[in-house]
Structures are given as structure tokens and as C-alpha cells.
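Letters A, B, ... are given to chains in the order of the sequence lines, protein chains preceding strands, and every chain is numbered from 1. All values reported here derive from a predicted model rather than from experimental measurement.
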Amino acid sequence: MIDLQTGLNERQRVAVLCTEGPLLVIAGAGAGKTKMLTTRISYLIEECRVPPYQILAMTFTNKAAGEMKERVEKILISSRSSALGAPEIGTFHSFCVRLLRRELLNTPFTKPFVIYDDSDQLSLIKGVLRKLNIDDKAFNPKAMQGRINRAKCDAVEPHEVEVVAHDLFSKNLKRVYEEYQKELTANNALDFGEIICMAYRLLRDRLDVRERYQQRFRYIHVDEYQDTNRAQYLLLSLLAAPRNGGHQNICVVGDEDQSIYKWRGADINNILDFENEYPGAKVVKLEQNYRSTKTILEAAGKVIRNNKSRKDKTLWTENEEGQSVIRAQLADERAEAEMVVSEVKRIAASDARSFNEFAIFYRTNAQSRSFEDVLRREKIPYQIIGGLRFYDRKEIKDILSYFKAIINPSDSVSLKRIINVPGRGIGKTSLDRLEQFHMEANIGGRVSYWEVLQRVAQDPALTSSTVAKRVGLFVKLMQRFIDEQPRLLLSELYHLILDETEYVVELRKEGTEEANARVQNLEEFNSLLQEFEEDFLEKTPEIELAVHAVHAAHDAHDVRKAELLPLFIEQSALASDLDKLGGDKSGDTSAVKLMTLHSSKGLEFPVVFLVGMEEGLFPSIKPWEETPDEDIEEERRLCYVGMTRARETLYLMSATIRRIWGNVSYQQPSRFFDEIPEEVIEFRDFSHGSRVNEYRTGSSRQYGSGAADRSGYGNGYENRDAGMGKVVGRIGPVPAGGGAPISFGGAARSAGHSAGLTTEPSSGGGLNDPAPSSVDANSALSKSAVFKNTAPKTLFAADWVGRQMSHPEYGKGTVVASEGVGPDQKVTIQFLSRQQKKFLLRYVASYFG
DNA sequence: TTTAGCTCAATTTTT
DNA sequence: TTGAGCTAAA
């Protein structure tokens with residue numbers, strides 16, 4: 001018996017009990033939607049006697065799917081039955097891949113397909129551009145890729161692409177998209193978008209198949225519905241909507257306030273239109289939050305309230321009031337990192353928290369660096385989520401490409417990737433020749449790259465005897481792998497590849513730190529393979545195996561082995577970094593988590609640091625173009641998502657100056673600060689620490705008018721930009737270990753720079769990297785004496801202040817400060833875009849009217 | 001063929 | 001700042 005009385009609130013109970021017919025659940029952050037969903041699924045099985053295999057639940061991440069699976073299993077095991085199979089719980093993509101594999105005969109593929117990731121896709125698109133003689137300078141391949149993927153999100157097929165008259169780009173887009181699709185099929189490959197689209201088209205065009213799946217999955221659940229795109233929406237409609245003869249037993253859960261993937265094709269209308277697509281849909285709102293303190297919820301609620309396009313809903317909680325949200329202003333990104341880390345240490349010690357309970361969220365991956373530096377120095381374990389996926393590392397991708405080419409020699413992208421890796425003397429010229437042959441041979445036909453390689457190897461007259469020989473060796477090598485593969489375990493094949501190609505040998509020859517890291521990654525990859533192998537041989541039921549086995553193997557054991565490789569490749573393509581996170585059994589060491597705001601969705605932590613809250617960075621703004629309100633609203637939702645991840649303690653941080661792409665940039669605090677009521681905020685101005693204060697006094701002039709007001713600290717300080725700020729005075733010491741003062745930007749990685757803050761001349765410090773770009777920043781330290789109490793006159797040279805200029809990149813601006821003399825003179829410009837930038841005067845002098 | 005050195009671009013990215 | 005991709009020289 002599923003316990004519906006305890007542990008569920010009234011609304012959740014309604015949602016669980018409403019099993020028949022369409023149901024839209026609007027679930028605010030932390031309102032227990034996963035609990036609702038898992039209970040609902042269990043209820044269907046236990047109480048409604050629905051066979052588990054008739055239940056489908058779709059999520060966006062493997063992690064969400066895994067969590068749901070686990071929790072459903074727990075409930076079911078703790079009650080009784082589990083023998084009736086399991087509900088199908090997975091991501092949209094894994095669901096569609098399984099569907100396509102089961103229906104392989106109804107797809108254009110004659111044998112199991114491989115999945116192309118973004119970089120594979122880009123390679124293929126570049127190849128198409130070359131083939132069609134389209135200049136990739138004029139028509140950026142990445143832009144093409146973006147548009148193709150967008151089209152796929154919108155379920156737009158090549159023939160439906162609209163060509164705008166006189167618009168070459170749209171014309172080319174159509175051609176490229178068309179050709180790209182052909183190439184994909186010829187390569188026996190699918191990209192992420194195509195996984196969904198092909199499944200959609202199959203269900204759309206084949207009534208028999210559609211009916212089978214409609215009958216199979218009688219109860220459908222969709223998580224994060226606000227993030228579904230058009231293609232996903234249509235797919236769901238084919239399974240459940242009345243207009244397609246569906247059963248309408250569909251329960252979608254979403255929250256428009258947490259829609260943060262609009263830029264990627266997520267269509268908010270899917271939620272708004274739900275009641276049209278499914279007339280008579282019930283709507284349930286879950287508004288009680290179980291995660292955060294009242295204070296955090298209040299702050300987040302006030303922020304999201306500023307969005308115009310949203311249905312009004314108000315989260316409430318019975319949780320404690322909790323402590324104030326802490327908003328901290330730091331001197332620069334280094335100081336920001338120092339403070340975060342020192343707070344982590346302090347709280348970990350005083351509140352006996354494990355490092356697991358802390359998370360740092362930033363807008364862009366690039367921001368992780370400063371935190372990594374400090375965390376590493378302080379020997380605090382940390383884990384970065386996202387960024388470069390493990391499977392995206394060069395060495396891993398190389399091996400995976402061998403794998404892919406072995407099971408699917410039609411995969412030209414993978415073949416081209418590895419043909420000269422490690423180097424076998426097949427260089428650019430040879431590759432161009434091969435490419436040429438491929439194009440010629442492939443006209444009107446279906447000659448794969450692999451076949452071209454074989455021909456070239458056999459016929460020295462086609463190229464030269466050297467090239468033929470070298471290509472021949474590669475062909476022979478690959479052929480051997482292909483022949484051996486069915487008899488080998490994953491790890492055996494892996495070692496065979498490494499041995500025969502001397503991949504590791506080559507890496508060791510390099511002897512660099514980077515090469516060593518790659519060898520280590522390969523070792524990790526090896527254990528991953530073994531793990532997969534063991535898991536697979538233990539658990540995977542025989543039924544799952546049938547599909548790939550068509551062309552392999554002679555006995556049952558070999559069938560299993562032959563199955564391993566395709567399955568591994570598939571999961572490596574669909575896996576993400578997020579998956580590793582938080583699985584309590586995965587031996588997860590206690591580490592501070594670093595991730596982008598996007599990755600943070602769906603997670604929660606007791607202590608959250610939201611860093612880099614500065615105009616331009618967050619909200620992200622391109623200074624050179626207009627930012628539409630909708631974009632700001634999406635940024636605001638992102639802010640809301642980030643804030644509502646916090647259970648007890650929330651820090652919102654911003655830096656005054658930050659290095660962005662190697663330039664020093666003066667940052668204004670994020671507008672989102674203005675939206676949080678004063679009462680729930682505690683303002684800690686760390687840029688007014690004793691030593692830093694000197695820096696502030698000097699450089700605060702950079703702000704132009706009003707700057708003087710800011711330099712006094714601890715008394716009636718009012719930050720106009722922050723729009724708030726009851727002053728609590730300086731709290732805590734300047735956060736730094738061993739008395740090292742807060743230092744200036746990234747340049748301060750060498751200890752000497754920080755000395756600029758006090759007495760030591762920078763020339764005596766570890767200025768070991770005087771690259772031109774860093775000199776710019778360093779000179780701010782060493783020459784302009786901004787850190788000295790007595791600022792030289794030139795610092796405030798009035799002659800330039802107030803003058804107008806027009807920058808080709810940043811637009812119109814006014815000089816608000818000037819410093820240095822002669823060739824070193826710098827000016828700080830306040831641009832209309834709210835950004836401030838500092839330039840060497842001689843570089844920008846020509847932009848003044 | 002390889003590689004050193006240059007220019008250019010650059011969010012977010014569940015799959 | 002980093003990285004990818006291209007050109008020129010070894």
C-alpha cells in the first residue's frame with residue numbers, strides 16, 4: 001500500500017491520484033515534484049494494477065532519470081511486487097534511441113547506427129560545405145550547425161526550410177541541411193536532434209508503429225516540461241494526444257519560472273498550450289517549498305516577480321526564517337574566489353559541514369578558474385561539473401573514434417579523425433587527395449570513405465606508392481580490429497588498439513605534463529570500460545541484446561561480447577558530466593561542487609555561492625547588440641534557479657574588476673541585486689578591507705562621480721548601483737591564507753603582485769610572465785601607483801575625463817577616469833551599455849571625436 | 001610532413 | 001585568457 005497520507009501534501013496527493021486523463025502540474029522550485037512523480041508511478045503500479053512496462057517517464061538528464069528510477073524501485077521493493085518488469089524511465093534521447101533500435105527495420109539504417117556529438121556534427125558540416133563549394137569564411141560552419149540544430153528542435157525538415165529571397169545564407173542553409181542529412185544516413189549516424197526527429201517522423205508516418213507504442217505506453221510522465229522543444233512536444237502528442245488517437249494519460253510537470261533553455265529551442269508555449277492540446281486537462285499547482293528558508297524564498301520570489309511573461313504563483317514554506325542572504329562585493333575575481341573559499345572553510349569548521357554541502361554557481365565555465373586556483377592551493381577537494389565532458393577529451397574521443405569506426409566503417413567522420421592518429425605519415429596533402437577521391441567516387445553512388453581507402457591501398461597508381469602503402473597499413477590495421485572485435489571484450493579491444501597504434505607510446509614520447517594527464521585519462525577510461533563490462537555481463541537481460549546481434553557472433557557468449565561495444569558507444573554519447581553527481585553509491589568523495597547555473601537546475605545544496613553577479617556577465621549582455629527583454633527575463637529565471645538551489649545559506653557575489661578575455665573590465669553590480677529587498681540582505685563589502693581599502697581609495701576614482709562616497713567605509717555607505725546596502729561593517733578578515741592580501745586579477749597568480757598592494761615593488765616580485773596582454777594589467781599595479789596612499793596627480797588627470805568617444809566595438813562612451821603618463825596613460829570609459837573598460841590611451845586615441 | 005607562430009573568436013549546452 | 005585553425009618555414 002502506497003502511503004499517501006504521510007509525506008504528501010494535499011496538492012501532491014491530488015496529482016498522484018489523478019491518474020486518468022491529461023494532467024498539468026505546475027511545480028515550483030523545491031516543491032517536491034520528484035516525490036510526487038515517483039509516488040504517482042508507484043501508485044499506478046501498486047494500487048491501479050497497471051503493469052510497469054506500460055508506464056513511461058521522460059526526463060531531460062540521465063541524472064534525473066536515474067534518481068527517479070532509484071526512488072521508484074525503492075518504493076516498489078519496500079512494498080512487494082517487482083517481478084512485472086520495470087517502468088521505462090529515461091531521457092527523451094535514450095527513449096528515442098531505444099525506440100529506433102527496436103524499429104531499426106523501419107528506419108533508413110540497415111545496421112546499428114552511431115551517435116554523433118557536436119564536434120562530429122561540425123566536422124560533417126564542414127565536409128558538406130567543402131563538397132558544396134561553399135566558402136566557410138563567408139558562411140560560418142558553427143552558425144550553420146546552430147541553425148540546423150535549431151531547425152531540428154523545431155521539427156523543421158530540410159525541404160521545409162524557408163529561403164528568404166536574396167538571402168544567401170538561408171539558401172545555403174537549405175542546401176547544407178539537405179546534404180548533411182544525406183551524409184548522416186550514409187555514415188550510419190544520428191545527431192542529437194535527429195534522434196528525436198527521426199523517432200517523431202517514424203511515429204508520424206507509420207500508423208502501425210504509432211499504435212503499437214500508444215498501446216504499449218498507457219501512462220506517460222514528462223519532467224521539466226517547460227524545457228521541451230517543438231519536436232519533443234510533437235513526439236509526445238503522437239503518443240498521447242486525442243487528435244492522434246492517443247489515450248491522453250499524460251502527466252507533465254513544469255515551471256515556467258525555471259525555463260532556461262529557450263535559446264536552445266525550448267518552447268514555453270508547450271506549457272501554455274497544454275490545455276488546448278489536451279482539452280479538459282486538470283491543472284495542479286505545487287507551491288509549497290520544502291527546500292529553502294523563508295528568507296531565501298522571499299529573495300528569489302522578489303527577483304522572479306520582475307518577469308512579465310509568467311503566470312503568477314507564489315511559493316511559500318513552513319521552513320524557518322533562516323539567515324539573511326549575504327551579498328558581497330569584492331575587489332576582483334581573485335578576491336571573490338578567496339572569500340568563497342575562506343567562507344567554505346569557516347562554515348565547514350563552525351557548522352561541521354562536509355564539503356559536499358557547498359556549491360559555487362557561475363554564469364560561464366571560464367569563471368571556474370579562479371576558484372580552482374584557490375581551492376587547489378587550500379587543498380580543498382572540489383569537483384567541476386560540466387565544462388569539458390570526460391568523453392570529449394581528445395584522447396578519449398580518439399579511442400572512441402576507433403571504436404565507432406570498428407563497428408561502423410561507414411562512419412567517415414570517425415575514420416578521418418583517426419586515420420593519422422597517432423601520426424602515420426598521412427598528412428594534409430594525402431588527406432586532401434583522399435577527400436577528392438571520395439567526392440568523385442561518391443557522386444550519385446554510395447561509395448564510403450572506407451571503400452575509398454581500400455581502393456587507394458590496392459592501387460598505387462591512384463596516388464603514389466608511398467601513400468598507398470601508408471593507407472594500406474591503416475586499412476589493414478582497421479580490418480584486423482574489425483575482425484577481432486566480435487571475439488574480444490571491450491577492454492581487450494581497447495588494449496589491442498593501444499598496442500597496435502602505439503598510442504600511449506607516442507604520448508609518453510611527448511613527455512609533457514599534458515601528455516601525462518592524457519595517459520592518466522586513458523587509464524581512467526580503461527577502468528570505466530571494465531566497469532561497464534562487468535555491469536553489463538551481470539545485469540543486462542538477454543532480450544536487450546537481440547538488436548545488434550544481427551551480423552555478429554556464432555554462439556550466445558559471443559553475442560554478448562559483440563553487443564558490448566555498440567552499447568558502450570551509445571551510452572558514452574548520451575552520458576554527461578552531471579551523471580556523476582550525487583549518486584550516493586558512486587563513491588562520491590566529499591567535494592565542493594562548481595558548475596554553471598544551467599547545470600545547477602534540479603540540484604540543491606545547503607550553502608550556495610552565486611558568483612560573478614555583474615552587469616554584462618550576469619545578466620549576460622553583448623555590448624555590441626541590443627538585448628531583448630526576453631533575454632533578460634531568461635537570465636532572471638536563471639538567477640531564480642540558482643537562488644532556489646540553496647537550502648540554508650545563500651551568497652550573492654560580485655567583483656568590481658574582472659578580467660574578461662584577458663582584458664581588465666570594470667564591472668557594475670548586477671541589476672538583479674536591485675530587485676532583492678533590503679530586509680533580507682546582509683551586505684558585506686569586502687572591497688573595503690584594510691589593505692584593499694587603499695586600492696579602493698585610489699581606484700575608486702575610476703567610477704567618476706560619486707566615487708568618493710564609496711571610499712569611506714563602515715559609515716552610511718550607500719551603494720547606488722547595488723540599490724541597497726545596510727552596512728554591517730566589514731565582516732571577517734580580508735579572506736586570504738597566510739596573510740597574503742587580496743591581489744589584483746589573474747595577473748596576481750605570482751606572489752609578487754599582491755605586494756603592489758603594500759610595499760614591495762612589483763619589479764621585485766614574481767613577474768615571470770610579462771606577456772604584452774598582462775603588462776597592461778600589471779602596469780596598473782606597478783606604475784600607476786593606484787595602491788599607494790598618495791596617488792600621483794596623473795591618476796586624476798582631468799584633461800581627458802568627461803570626453804566623449806565612440807568605440808567600434810563597445811559604442812559610445814565617456815571617459816570617467818584617467819591614469820598614468822605618456823605612453824602608459826590609460827583611460828577608463830563608461831559605455832552606454834553599462835560596461836566600463838580601461839584602455840591604453842594610445843590604442844583608443846583615434847576614437848575620440 | 002611536421003611544427004612554430006600567427007590570427008581570430010569567444011555565453012549558457014540537460015542530450 | 002584559451003583554443004582552434006591556418007600559413008610559412010624546416
Side-chain angles (χ1 to χ4, degrees), chain A residues 58-65 90-97 115-119 121-122 126 136-137 140-143 146 149 152-153 190-196 223-224 227-229 231-232 258 260-266 333 361-367 369-370 385-389 391-392 394 420 423-431 466-467 470 570-579 581 595-603 612 616-622 631 634-635 637-638 641-642 658-664 745-747 749 769 771-774 776-777:
Chain A
M58 293 211 248
T59 63
F60 276 80
T61 64
N62 296 307
K63 182 174 184 299
T91 64
F92 268 96
H93 288 83
S94 72
F95 170 76
C96 291
V97 165
I115 296 168
Y116 277 176
D117 66 19
D118 284 351
S119 63
Q121 184 186 34
L122 190 62
K126 282 178 182 170
D136 64 1
K137 292 237 167 55
N140 182 252
K142 279 201 177 139
N149 284 336
K152 291 191 176 196
C153 287
L190 282 171
D191 61 42
F192 287 131
E194 198 59 29
I195 290 172
I196 310 288
D223 194 12
E224 307 282 12
D227 285 333
T228 48
N229 60 36
Q232 290 161 333
Q258 294 187 68
I260 54 175
Y261 287 105
K262 204 188 76 179
W263 54 276
R264 232 174 102 154
E333 77 264 29
F361 301 156
Y362 34 74
R363 181 63 236 268
T364 67
N365 281 127
Q367 287 166 259
R369 274 200 60 164
S370 51
I385 308 300
L388 192 60
R389 243 168 36 117
Y391 289 112
D392 285 340
K394 188 188 171 301
N420 198 35
R424 347 186 131 79
I426 305 172
K428 196 175 179 312
T429 326
S430 310
L431 288 176
T466 351
V467 175
R470 287 170 177 168
E570 180 182 306
Q571 74 105 41
S572 74
L574 297 179
S576 91
D577 234 30
L578 220 51
D579 308 348
L581 225 171
M595 68 190 82
T596 62
L597 283 155
H598 283 89
S599 307
S600 78
K601 196 167 75 165
L603 307 175
L617 186 61
F618 186 41
S620 170
I621 291 165
K622 291 179 203 158
D631 287 10
E634 178 134 329
E635 296 284 317
R637 291 194 289 270
L638 200 49
V641 166
R658 178 178 297 277
R659 286 169 152 263
I660 296 173
W661 295 335
N663 283 325
V664 171
R749 222 165 301 156
D769 180 29
S773 51
S774 59
D776 194 42

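Listed candidates were B:dT1, B:dT2, B:dT13. Nearest to the side chain of A:Asn420 is B:dT2. Among B:dT14, B:dT13, B:dT1, the nucleotide with an atom closest to any side-chain atom of A:Thr61 is B:dT14. When distances are taken from the side chain of A:Thr429 to each of B:dT2, C:dG5, B:dT1, the shortest belongs to B:dT1.
A:Asn420 approaches A:Gly425 most closely through the heavy-atom pair OD1-N, 3.3 Å. Heavy atoms only, all atoms of each residue included: A:Ala65 and A:Thr91 are closest at CB-N, 4.3 Å. For the pair A:Gln121 and A:Tyr116, the tightest heavy-atom approach, listed with the atom from each and the gap, is N-CB, 4.3 Å.
Rounded to an integer number of Å, the gap from NZ of A:Lys601 to C1' of B:dT14 is 8 Å. The NZ atom of A:Lys394 sits 15 Å away from the C1' atom of C:dG5 (whole-angstrom rounding). Rounded to an integer number of Å, the gap from NZ of A:Lys142 to P of C:dA4 is 9 Å. Here B:dT7 presents its C1' atom at 15 Å from CG of A:Asp136, a figure rounded to the nearest Å. Rounded to whole Å, atom C1' of B:dT13 lies 15 Å from atom CE of A:Met595. For the pair A:His598 NE2 and B:dT13 C1', the computed distance is 7 Å after rounding to whole Å. One atom, CD1 of A:Ile621, and another, P of B:dA10, lie 18 Å apart when rounded to the nearest Å. Rounded to a whole Å, the CD atom of A:Gln258 is 17 Å from the C1' atom of B:dT13.
For B:dT14, neither phosphate oxygen OP1 nor OP2 lies less than 4.0 angstrom from any side-chain nitrogen or oxygen of A:Thr91. Listed pair A:Asn149 / B:dT13 fails the phosphate criterion, with no side-chain N or O lying under 4.0 Å from OP1 or OP2. At least one side-chain nitrogen or oxygen of A:Asn365 sits closer than 4.0 Å to the OP1 or OP2 atom of B:dT13. Here A:Arg369 reaches the OP1 or OP2 of C:dT2: one of its side-chain N or O atoms lies under 4.0 Å away. Proximity of A:Lys126 to the phosphate of C:dG5: a side-chain N or O atom is located under 4.0 Å from OP1 or OP2. At the phosphate of B:dT14, neither OP1 nor OP2 sits under 4.0 Å from any side-chain N or O atom of A:Thr59.
Contact annotation for A:Ser430: backbone-only contact, meaning every heavy-atom pair under 4.0 Å involves sugar-phosphate atoms and none involves a base. Using a 4.0 Å heavy-atom cutoff across all strands shown, A:Phe92 reaches no nucleic acid atom at all.
Residues A:Lys601 and A:Glu224 meet the side-chain proximity criterion, which asks for heavy atoms closer than 4.5 Å. In this structure, the side chains of A:Ile115 and A:Leu574 come closer than 4.5 Å at one or more pairs of heavy atoms. Contact check for A:Asn149 versus A:Phe192: no side-chain heavy atoms found under the 4.5 Å cut-off.
A:Tyr391 pairs by the ring-ring contact (aromatic ring centres under 6.0 Å, His included) definition with nothing, not counting sequence neighbours.
Residue-to-nucleotide contacts include no donor-acceptor pair under 3.5 Å from the side chain of A:Arg659 to the base of C:dT1.
Both A:Asp118 and A:Ile426 sit near DNA chain B, but only A:Ile426 has its closest nucleotide nearer the 5' end. Mapping A:Gly193 and A:Leu431 onto DNA chain B by nearest heavy atom places A:Leu431 at the nucleotide closer to the 5' end.
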For this session: Please assess A:Val641 against A:Ser600 for the test side chain to side chain contact (heavy atoms under 4.5 Å, CB included), listing each intermediate value before the final yes or no.
Result: CA-CA 8 Å; A:Val641 166; A:Ser600 78; 3.9 Å; yes
Scan nucleotides 7-10 of chain C against the protein and return all N/O pairs shorter than 3.5 Å with their distances rounded to 0.1 Å.
none

